[in-house]
Protein chains: 2
Amino acid sequence: MADVSSKKATIYDLSVLSGASASTVSAVLNGSWRKRRISEETANKILSLAKAERYTANLQARGLRSSKSGLVGLLVPVYENRFFSSMAQAFEAEARKRGLSPMVVSGRRDPEAERRTVETLIAYSIDALFIAGVANPDGVHQVCAGAALPHVNLDLPGKLASSVISDNRRGAEVLTGAILQHAARGANLSPEDVVLFGGHDDHASLERIAGFHAAKNAYFGQECSVEDVEKTGYSPRMTELVLEQFFERNGQLPRCFFINSSINFEGLLRFMGRHDEETVANIVVGCFDYDPFGSFLPFPVYMIKPDVQKMLEVGFELLEAAPTEPLVTIIEPRLIPPRTALAGPLDDISELSVSS
Amino acid sequence: MADVSSKKATIYDLSVLSGASASTVSAVLNGSWRKRRISEETANKILSLAKAERYTANLQARGLRSSKSGLVGLLVPVYENRFFSSMAQAFEAEARKRGLSPMVVSGRRDPEAERRTVETLIAYSIDALFIAGVANPDGVHQVCAGAALPHVNLDLPGKLASSVISDNRRGAEVLTGAILQHAARGANLSPEDVVLFGGHDDHASLERIAGFHAAKNAYFGQECSVEDVEKTGYSPRMTELVLEQFFERNGQLPRCFFINSSINFEGLLRFMGRHDEETVANIVVGCFDYDPFGSFLPFPVYMIKPDVQKMLEVGFELLEAAPTEPLVTIIEPRLIPPRTALAGPLDDISELSVSS
DNA sequence: TTGAAAGCGCTAACAA
DNA sequence: TTGTTAGCGCTTTCAA
């Protein structure tokens, strides 16, 4: 019977109980016993003993000794956002699938915080790091390089390590095409009716802007030289501000919005909160990010859903392959038409019994 | 100058370089040197050496030796949800404020997964665990007890440890009152116009149902004995199913919805995706959870926002106080009127420079 | 004011 | 097929 004494059992306890040496116990318990040619008999004895004693390995000790902790990190800017939280969800699943333990941390787009949290992860000897959405990629890369930490960039490209990114250009093109087509059903459009809000000078934004312009040029059959991009960074507050300014300047909102991310979309929500429903009654929105609630707002919202699951699969493969040259893999995102609520992680589980 | 050799510096490296012993270096580097009466001079020498060598402590080794890892866990069902992701955000902030490292894991409301992930956390010698939203609290509690792991229940009460929960009853009462008042502006209501969807037999659901009924009884001035609760568990799919059944049975949706959580709300979204906009044109919704996008849907949505920040502050205090008897602390949530987009974590950061 | 030495729980040569 | 031994990097008595 299991000893109920609070202290956790160690391989030494099992060594004494089983009569085998600590190293034999160790080998049995970490699975390397076949290779170490330990008899099935002793293995079984130790295994059942371990179960009886509720043995679980001390992963800090194992990590210290073997200099690999089994921890993998994911750095996101924030959790409170459908894109990054779904990324965290996929990351956790993918990590566990590989017997690794996920550690998700948030850098809050603050270069200081980003560096510090990554340094902390390194202090815990994480084996690898996935980097998604940082304010200062160079700073983080530098820290990784200094610690010789394998890492993969997610959703943003990097020079020092492999990257998995969405097809921002093509996604933006498709998204822009969709809102143009939708809006054109009602009335004639001119180039200044179609404006992009959000983004900055990062790679993703620039690609999306390029795709946005490509689609507009194709639609209008000309090089549109109007000012149709309002950069706001990844800040809801700034997006709201810029929208207010636009509204004041023009007396109305543009007919078609391309919104660079759900974070910027929250800026539009704030604008909506300060104006009546008429103000947004006729707009058509395309957002480069997916949020099920965003999909049902009182105007048509087309969304682009990056394939985070795929991105993480590829990311882990890249990590394992450890190519000599940094590789960039581009993953196709998916256009989500208005009024679409996709299934999520909670759909995979067994339903609870239902009473009325 | 710092050695660029990839291997990380250890206290022994600094010991050699400084001429002091490893134990002295250790004491200086972990801050216990004043107490150990080490001279300011040697301390400073070692400190500057450490900086030059870019020394960072190996936290696995420290943890192994001192049998406290500095890791705190948070178990949530899923990330992809505004409530739990804001909880993760607050948890991380609160943990770092205390010099601890957060590890957030998702149990996917799967009793097996919940146990396993908690066991893994324990294997990494986490110092404490916060438990929020599990399918099988008993299983998890048992694992914690077996490892003598201090833990705090969040958003659900538990017998074995202290709990911090929302005032579900009062919140539900306020929320129900708000939707009743709103809906009454248009037409006369009868008890069967006001229906609760979601939840199960867990404490939170039961309290919310009680608050819901209290508010209805107060409004209608009578004990309403109508069947006005449709339990669906915390499953979008099941919620959708039950809504479809309701719709088929009655030829229309109820006028007023009380939705037990944003997870159930996603079930309503799916229903909406399968029906035209007319079907939901006149409903009034109250949701026990806050989501900024949910707040702007094409019908009035009142929401209750649990005060996760406060819940976590209290949670950590409870952990530190370690009361002999489990304590239950109730935190007031906040009613959010329709069309409200609150500020979030990204608003605290410095804005990027903005170009047009 | 500092150092020597033991050991946290585990892994991995190397012997036997 | 198994055991012995020497650490991984750190903390912590205990002595000096």
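To find a chain, count down the sequence lines: A is the first, B the second, and so on, and within it residues start at 1.
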Find which nucleotide of DNA chain D each of A:Y12 and A:R37 is nearest to by heavy atoms, and output the residue with the more 5' nucleotide.
A:R37
Kindly point out which of C:dT11, D:dT2, D:dG3 is positioned nearest to the side chain of A:I38?
D:dT2
Quick one: is B:Y55 getting a side-chain N or O under 4.0 Å of the D:dC10 phosphate, OP1 or OP2?
yes
Compare the minimum distances between each of C:dG9, D:dG9, D:dT2 and the side chain of A:A61, then state the nucleotide with the smallest one.
C:dG9
Give the rounded distance in Å between these two atoms: NZ of A:K8 and C1' of C:dC10.
13 Å
Whole angstrom value for the distance that separates P of C:dC8 from CD1 of A:I11:
11 Å
Does a side-chain N or O of A:S26 approach OP1 or OP2 of C:dT11 to a distance below 4.0 Å, or not?
yes
Answer with yes or no whether A:S32 presents, from its side chain, a donor or acceptor under 3.5 Å of a partner atom in the base of C:dT11.
no
At less than 4.0 Å, is any side-chain N or O atom of B:T10 found next to OP1 or OP2 of D:dG9? Yes or no.
no
Please check if the side chain of A:D127 supplies one atom and the backbone of A:V72 the other of a donor-acceptor pair under 3.5 Å.
no
Phosphate oxygens OP1/OP2 of D:dT2: is one of them under 4.0 Å from a side-chain N or O of A:T42?
yes
Roughly how many Å is it from CG in A:D13 to P in C:dG9, rounded to a whole number?
9 Å
Separation of A:E92 CD from A:L312 CG (nearest 0.5 Å):
11.5 Å
Rounding to an integer number of Å, can you tell me how far A:K68 NZ sits from C:dT11 P?
11 Å
Rounded to whole Å, CG of B:N30 lies from P of D:dC10 at a distance of 10 Å
Expected output: side-chain A:S162 to main-chain A:P326 donor-acceptor under 3.5 Å:
no
Grab the CZ-C1' distance between B:R65 and C:dG9 for me, whole Å please.
12 Å
Is it the case that the side chain of A:S69 and the backbone of A:S125 share a donor-acceptor pair, with hydrogens and angles ignored and the cut-off at 3.5 Å?
yes
On the nucleotide D:dC8, are OP1 or OP2 found under 4.0 Å from the side-chain N or O atoms that A:S67 carries?
no
May I ask you to verify if any side-chain N or O of B:S39 is less than 4.0 angstrom from the OP1 or OP2 atom of C:dT2?
yes
side-chain N/O A:T24 vs D:dG3 OP1/OP2, d < 4.0 Å
yes
Does a side-chain N or O from A:R62 land closer than 4.0 Å to OP1 or OP2 of C:dG9, or not?
no
Below 3.5 Å, does any donor atom in the side chain of B:S23 face an acceptor in the base of C:dA4, or the other way round?
yes
Which residue lies toward the 5' end of DNA chain C, A:R36 or A:A9, if each is placed at its nearest nucleotide?
A:A9
Would you confirm whether B:Y55, through its side chain, and B:D13, through its main-chain N or O, come within 3.5 Å as a donor-acceptor pair?
no
Give the rounded distance in Å between these two atoms: CG of B:N44 and C1' of C:dT1.
15 Å
Using a 4.0 Å heavy-atom cut-off across all strands, classify B:A57 as base, sugar-phosphate, or nothing.
sugar-phosphate
How would you label the contact of A:A27 with the nucleic acid (heavy atoms, under 4.0 Å): base, sugar-phosphate, or nothing?
nothing
Starting at atom CG of B:L64, determine the distance to atom C1' of D:dT12, rounded to an integer number of angstrom.
14 Å
Parallel, tilted or perpendicular: rings of A:F316 and A:F130 (30°, 60°):
tilted
